[in-house]
Structure formats: structure tokens, C-alpha cells
Trainee: 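Below you'll find the structure I mean.
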Amino acid sequence: MMQPIYSLVIPIYNEEENITEMYRRLHDVAEQLAGEVELILVDDGSRDRSLSMIRELRHRDSRVRYLSFARNFGHQIAVTAGLNFVQGRCAVIMDADLQDPPELIFQMVEKWQQGYEVVYAQRLARKQESWLKRFTAYAFYRILRRLSHVDIPTDTGDFCLLDRQVVDILNAMPERNRYIRGLRAWAGFRQTAVLFEREPRFAGKVKYTFGKSWALAVDGIISFSTVPLKLATYLGMVAAAIALLMIVLVLYWRLFDHASPLIGYSLITIAIFFLGSVQLICMGILGEYIGRIYEEVKARPIYTVKETGGLIKVSEMQSK
Ligand code: UDP
Ligand code: MG
């Protein structure tokens, strides 16, 4: 078989309702692209019929390649794994639920051919997502930009086209905390956006629970900023300033004015709880960083594979 030019990387977790339609849409797109296409489907430990449907696709269409994780490792890891097996001259990362319209690939390819190594899809609007999701996403991307040194564009997800050079760079990154839209921005090169409206999910329920989204957001900030570590310093300075002011006040009241208002247990109780919570929050932030350092030094494999189809074996890739 010919070396593919386009590798489409698609993470799949319990998407049995979407796989058929996704394949149909991608098949149409692949027909219209000039050049060989491969579909790399990454089954992230699905518990529904997704894997058998993927096997079936592989059976029908040799351009479909897949790997299946031994358990659920999460979206970012699934994408990472897919990128590890990309053979094309560029890779497109997209979701399986058709929220990322496959037809946008044409515009991405056009930009790529103009010489951009990274073409990311930037959302114009979020159809049918709750105001809470829209607001938190809006706020998060702006906070992240303020806190990090890396210029991570707002309102972008993982839907993007990456040139081979960038795929190789991402594959060479050893870290296991993979915040792909951040790593992609970190890599540099010529980057540009294509605008799109994010569709509602074709079928099925969202796999990103609030907890997973929160974890992803924390990962993004911790992996790309050390500003939270400085919080303790600033809060400490504020507390010291308040303490100094109080010392001066108490001395003044003792020496010149006998009616000191600074009395009572309630004041002391509030002060204890306030400082206690500040200290605990700062320790928690330290813990977030230390936990990640611990994860990294253990250097376990990022994922475990139980089955592949049409891909070069992991071991061969690693020894390459
Ligand atoms: N996904 C995955 N592993 C997970 C959760 C999600 O591979 O643990 C996949 C999912 O099948 C989909 C994509 O990641 O293709 C995005 O997930 P989802 O649509 O639930 O989240 P969204 O980003 O749209 O909120
Ligand atoms: Mg989705």
C-alpha cells in the first residue's frame, strides 16, 4: 500500500452511535482529498460495541488502522497514542462525535499547502452547550493565556492539522501530562486558524464529565504556568502587611487610647481560619505540582495497548 499523505487521528470512547456516521462522512472527505488517506482510530478502552465496529471497518477498508487501549486512559492520551503511529505527511486530530465537522479538513489542508505547519480550528459559537460550559470555557482560556508564557490561542480545541515535523516533535516529548493544545502552541512554527461553528454531538452523551473538564483545565494551567506557585509568596506578603499594621495599631491603643476595639474571641477565630485556609490552599497548589513531578519520574508507559490492526507494533516504533 502507498504511503499515506493524510493521517486522521480519532480518539473513540464508547461512541457506538457515532462510528458509522463518522466513517461515512470521513469516507466522503477522503474521496475528495488528492492523495492517500489513513484513518487511525484509537479505542480508549470502550465498553460498548465501539471496538468490534472498528474491527469491522478495518475488515472492509484497509485505510482504517486502529489500536485499542487495555483500559480507558483519557482523550489526550488517546490522541497522543494515535500520533505515535501517524505515517502521513500531516495529521488531522478530530473527535469521533462529529462535533468537529470533517469537511473543515479541506480548508485546513489548503492552509497547510500554503506553508502553515499548524492549522487549528477556532470556534465561533458553541451550539447547544449550556451557558455554564460556555462561560467556564470562555473564562478558562482567558485565564490560561494570562498565566502562561506560551501563546495558547483562545477557543481552540484539539481539532487541528499538524505537519509531519510537528507530529515528530510532539512524539518526542516525553511528558505524560499531555495538554495537546498547549504542546502544539509550544512547538512554534507557522500557526494559523480556520474558523468554524462547533456542531452539537451527532449522537450519544458527552464523555467529558465536569470532573474530567476540570482536570483538563488544571492540567493546562499547571503544565504551562508556574504563576500559581507564586501565590503563596504574594499572599504571605499581604498577611505580613496586615500583621504589621495591627502591631502598630495595638501599640497605639495600648499607649495612648485605652479603648482598644481589637478584642474578643471572634476576631482571633476568624484570623485563625483565614490564615489556615490560605495555607491549605497554598499547600494544595504545591501538591498539584509535586504530584505531577511524581507522575513524571515514575516514567511508566503513557498507555497500554491490547490490540492493534494495520499498525506498526508499539515495540518496533519505540526501538526505531
Ligand atoms: N474521548 C476519549 N476518551 C475519554 C473521553 C473522550 O477518547 O476518556 C473521546 C470521545 O470519544 C470523543 C472525544 O474524545 O471522540 C471528545 O469527547 P467528548 O465529545 O465527550 O468531549 P467534548 O470535547 O466534545 O466536550
Ligand atoms: Mg464532543
Side-chain angles (χ1 to χ4, degrees), residues 8-26 39-54 57 64 66-85 91-102 104-105 120-141 144 154-160 176-182 184 196-220 302-307:
L8 312 186
V9 174
I10 302 153
I12 293 173
Y13 180 51
N14 297 343
E15 302 282 9
E16 59 182 6
E17 295 119 312
N18 291 315
I19 289 178
T20 311
E21 177 67 7
M22 174 204 76
Y23 176 74
R24 197 186 63 73
R25 295 262 295 270
L26 285 178
L39 295 183
I40 301 181
L41 306 181
V42 185
D43 166 40
D44 185 8
S46 297
R47 273 185 290 252
D48 62 358
R49 290 184 301 120
S50 296
L51 178 58
S52 55
M53 293 176 78
I54 294 170
L57 286 180
V64 173
Y66 71 92
L67 71 153
S68 178
F69 284 170
R71 66 168 170 87
N72 178 247
F73 279 89
H75 177 213
Q76 302 290 302
I77 303 294
V79 171
T80 300
L83 290 176
N84 288 165
F85 294 94
V92 175
I93 300 169
M94 56 182 296
D95 288 353
D97 58 3
L98 295 167
Q99 282 198 285
D100 304 333
L104 204 71
I105 294 175
Y120 51 83
Q122 196 160 28
R123 289 187 277 266
L124 281 169
R126 284 171 173 263
K127 281 188 201 163
Q128 287 182 14
E129 286 184 296
S130 69
W131 66 268
L132 186 68
K133 170 119 190 196
R134 271 178 289 154
F135 171 75
T136 46
Y138 178 91
F140 167 72
Y141 285 112
L144 181 61
T154 55
D155 305 316
T156 60
D158 292 325
F159 187 23
C160 67
R176 52 189 312 106
N177 259 300
R178 305 197 76 93
Y179 186 65
I180 290 176
R181 55 204 85 160
R184 176 181 79 203
F196 81 117
E197 295 211 356
R198 195 144 206 247
E199 300 290 327
R201 231 173 196 278
F202 178 73
K205 279 207 295 281
V206 62
K207 305 301 178 303
Y208 258 96
T209 54
F210 181 77
K212 278 189 183 177
S213 296
W214 170 258
L216 182 69
V218 173
D219 266 350
I302 299 180
Y303 53 86
T304 54
V305 177
K306 70 165 185 256
E307 181 181 328

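Order of listing sets the numbers, starting from 1, for every ligand and every atom in it.
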Trainee: Would you say Q76 contacts ligand 1, with heavy atoms under 4.0 Å as the rule?
Mentor: no

Trainee: Can you figure out which of D95, I77, I19 has its heavy atom closest to atom 13 (C) of ligand 1?
Mentor: D95

Trainee: Could you tell me the separation between the CD atom of Q76 and the CD1 atom of I180, rounded to the nearest 0.5 Å?
Mentor: 4.5 Å

Trainee: In Å, rounded to the nearest 0.5 Å, how long is the span from CD1 of I77 to CZ of F69?
Mentor: 7.0 Å

Trainee: Is the cationic atom of R198 (NZ for Lys, CZ for Arg) positioned less than 6.0 Å from the six-membered ring centroid of F196 and within 45 degrees of its normal?
Mentor: no

Trainee: Side chain, backbone, both or neither: which part of R198 comes within less than 4.0 Å of ligand 1 when only heavy atoms are counted?
Mentor: side chain

Trainee: If you count the atoms of ligand 1 from 1 in the order shown, which ones are under 4.0 Å from a heavy atom of Q99?
Mentor: 19 (O), 22 (P), 24 (O)

Trainee: With a 4.0 Å heavy-atom cut-off (strictly under), which part of N72 contacts ligand 1: side chain, backbone, both or neither?
Mentor: side chain

Trainee: Give a yes/no on ligand 1: does M94 have at least one heavy atom closer than 4.0 angstrom to it?
Mentor: no

Trainee: Answer yes or no: does an N/O atom from A78 fall short of 3.5 Å to an N/O atom of ligand 1?
Mentor: no

Trainee: Indicate yes or no: does an N/O atom of D97 lie under 3.5 Å from an N/O atom of ligand 1?
Mentor: yes

Trainee: Can you say whether the rings of F140 and Y179 are parallel (under 30°), tilted (30 to 60°) or perpendicular (over 60°)?
Mentor: perpendicular

Trainee: Return yes if some donor-acceptor pair links the side-chain N/O of E16 with the main-chain N/O of R49 below 3.5 Å, else return no.
Mentor: yes

Trainee: Are R25 and F202 packed together at the side-chain level, in the sense that at least one heavy-atom pair is separated by less than 4.5 angstrom?
Mentor: no

Trainee: Test of understanding: given a 4.0 Å heavy-atom threshold, classify the contact between E15 and ligand 1 as side chain, backbone, both, or neither.
Mentor: side chain

Trainee: Rounded to the nearest 0.5 Å, how far apart are CG of N14 and CG of N72?
Mentor: 8.0 Å

Trainee: Answer yes or no as to whether an N/O/S atom of D97 is found below 2.8 Å from the Mg ion (ligand 2).
Mentor: yes

